[in-house]
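Notes to accompany the following structure.
Chain naming here is simple, since letters A, B, ... match the order of the sequence lines and numbering starts at 1 in each. Keep in mind the model is a prediction, meaning the values are calculated, not measured.
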Amino acid sequence: MPELPDVEIFRGYFNATSLHQKTTGIEVRNAKVLKEISARKLRSALVGHSFQSTRRHGKYLFAETDGTNWLVLHFGMTGYLKYFKNLDEDEKHTRVLFSFANGFHLAYVCQRLLGEVNVIESPDDFIKERSMGADAFDVSYDRFKQIISGSTAAIKSTLMNQEILAGIGNIYGDEILFQSKIHPKTKSNTLRDKTIQCMYRNMHKVWRTAVDKQADPDRFPRTYLLPNRAEGAKCPRCKQKIQTLKVIGRTAYFCPKCQNKNS
DNA sequence: CTAGATGTTAAGGT
DNA sequence: CACCTTAACATCTA
């Protein structure tokens, strides 16, 4: 489930489980997640070292070692972390298994292999090389407004473009637009200042709620779209039928009554 | 059996 | 250039 809030939760999980202990081994079960490095390089960069701290930018998690390298984790559509002692708790789709000196393991699980495990020397350089936009949790209002009003694309497309704003994916994009009563196909540069302010506030509200509720839609407030994000479901605000349409190839769920293009 | 699913990228079209 | 659509990656589920 990895969008910004999910990755922020993984970061907390990593901090609570995997810092300050020596990595004793790394088993690469499926090298497809390594994308641009070898298993040998992953091991030589991390084995014998310990993780000291973490950072997040958009959907990427970075873990700093006591050496010169950082571990990079991206979770694709189906990735997550699991920390355990006994291998009978291992997961079917563990792609990389980190082992620590205390006998515990950290599994990088990624069913669809769309995620990435990498090693880098500088998160800031990596963020630049990958052309990532401002983190959607950290961005200032002035920058946010500049970003939105500088794009002629559909607002949902702008929000989800990682080179413009990093961290928003399909489901939280829908939630932010639902909370802000904006139609997903509204042209970004036609939004009024007041609407952009509203969207900025709602973006933060959604992040806080999602992290607070451990990104579990069942625990979200009833006024949220996410628990009702299904074809034929009813809008939690006006009871109209939720509709779908395609924006940049992804399904957008929205309420045709609450979210109209002229608001 | 088929279509679609939280992500990203490449290729091609308007 | 800015934007959109489609396809692809591997696997599971409705």
request  = Look only at the side chain of A/T186 and the backbone of A/I182, and say whether a donor-acceptor pair between them is shorter than 3.5 Å.
outcome  = no
ask   = Thinking salt bridges, do A/K22 and A/D66 make one under a 4.0 Å N-O criterion?
value = no
task = Kindly state which residues belonging to residues 130-138 of chain A come within less than 4.0 angstrom of DNA chain B, counting heavy atoms of the residue only, listed by number.
result = none
query = Going 5' to 3' on DNA chain C, which nucleotide is the first and which the last to come under 4.0 Å of a heavy atom in chain A?
reply = C/dA2 to C/dC12
ask   = Of all of residues 200-212 of chain A, which get a heavy atom below 4.0 angstrom from DNA chain C, listed by number?
value = none
request  = Give, ordered by number, those residues of residues 143-151 of chain A having at least one heavy-atom distance below 4.0 Å to an atom of DNA chain C; if nothing qualifies, reply none.
outcome  = A/S151
ask   = Do the side chain of A/E175 and the main chain of A/L226 share a donor and acceptor less than 3.5 angstrom apart?
value = yes
Listed pairs under 3.5 Å, donor-acceptor, residues 38-47 of chain A side chains, sequence neighbours left out:
unit_1: A/S38; atom_1: OG; unit_2: A/K41; atom_2: N; d: 3.0
unit_1: A/R43; atom_1: NH1; unit_2: A/I26; atom_2: O; d: 3.0
unit_1: A/S44; atom_1: OG; unit_2: A/R40; atom_2: O; d: 3.3
unit_1: A/S44; atom_1: OG; unit_2: A/K41; atom_2: O; d: 3.2

inquiry  = Nearest whole Å is fine: how far is B/dT9 P from A/E116 CD?
reply    = 9 Å
task = Give the C-alpha distance, both sets of side-chain angles, the deciding distance and a yes or no for salt bridge (Lys or Arg N to Asp or Glu O under 4.0 Å) between A/D135 and A/K59.
result = CA-CA 9 Å; A/D135 182 81; A/K59 303 172 187 175; over 6 Å; no
task = Can you tell me the distance, in whole Å, between the NZ atom of A/K59 and the C1' atom of B/dT6?
result = 8 Å
ask   = Of A/F104, A/Y13, A/F14, which meets ring-ring contact (aromatic ring centres under 6.0 Å, His included) against A/Y83?
value = A/F104
ask   = Any side-chain N or O of A/R250 under 4.0 Å from OP1/OP2 of B/dT6?
value = yes
ask   = Do NZ/NE/NH1/NH2 and the carboxylate oxygens of A/D218 and A/K213 come within less than 4.0 Å?
value = no
ask   = Does A/S151 reach the main-chain N or O of A/I148 with its side chain, forming a donor-acceptor pair under 3.5 Å?
value = no
ask   = Ring centres of A/F10 and A/F75 under 6.0 Å apart?
value = yes
request  = Find the distance A/F75:CZ to B/dT6:C1' and express it as a whole number of Å.
outcome  = 13 Å
A/R237 charged N/C atom sitting above A/F178 aromatic ring, 6.0 Å / 45° = yes
inquiry  = What does the 5'-to-3' dot-bracket notation of DNA chain B look like when only Watson-Crick and G-U wobble pairs under 3.5 Å count, and pairs to other strands show as |?
reply    = .||||.||||||||
inquiry  = Please confirm whether the ring centroid of A/F62 lies under 6.0 Å from the ring centroid of A/F126.
reply    = yes
request  = Find the distance A/R112:CZ to B/dG7:P and express it as a whole number of Å.
outcome  = 10 Å
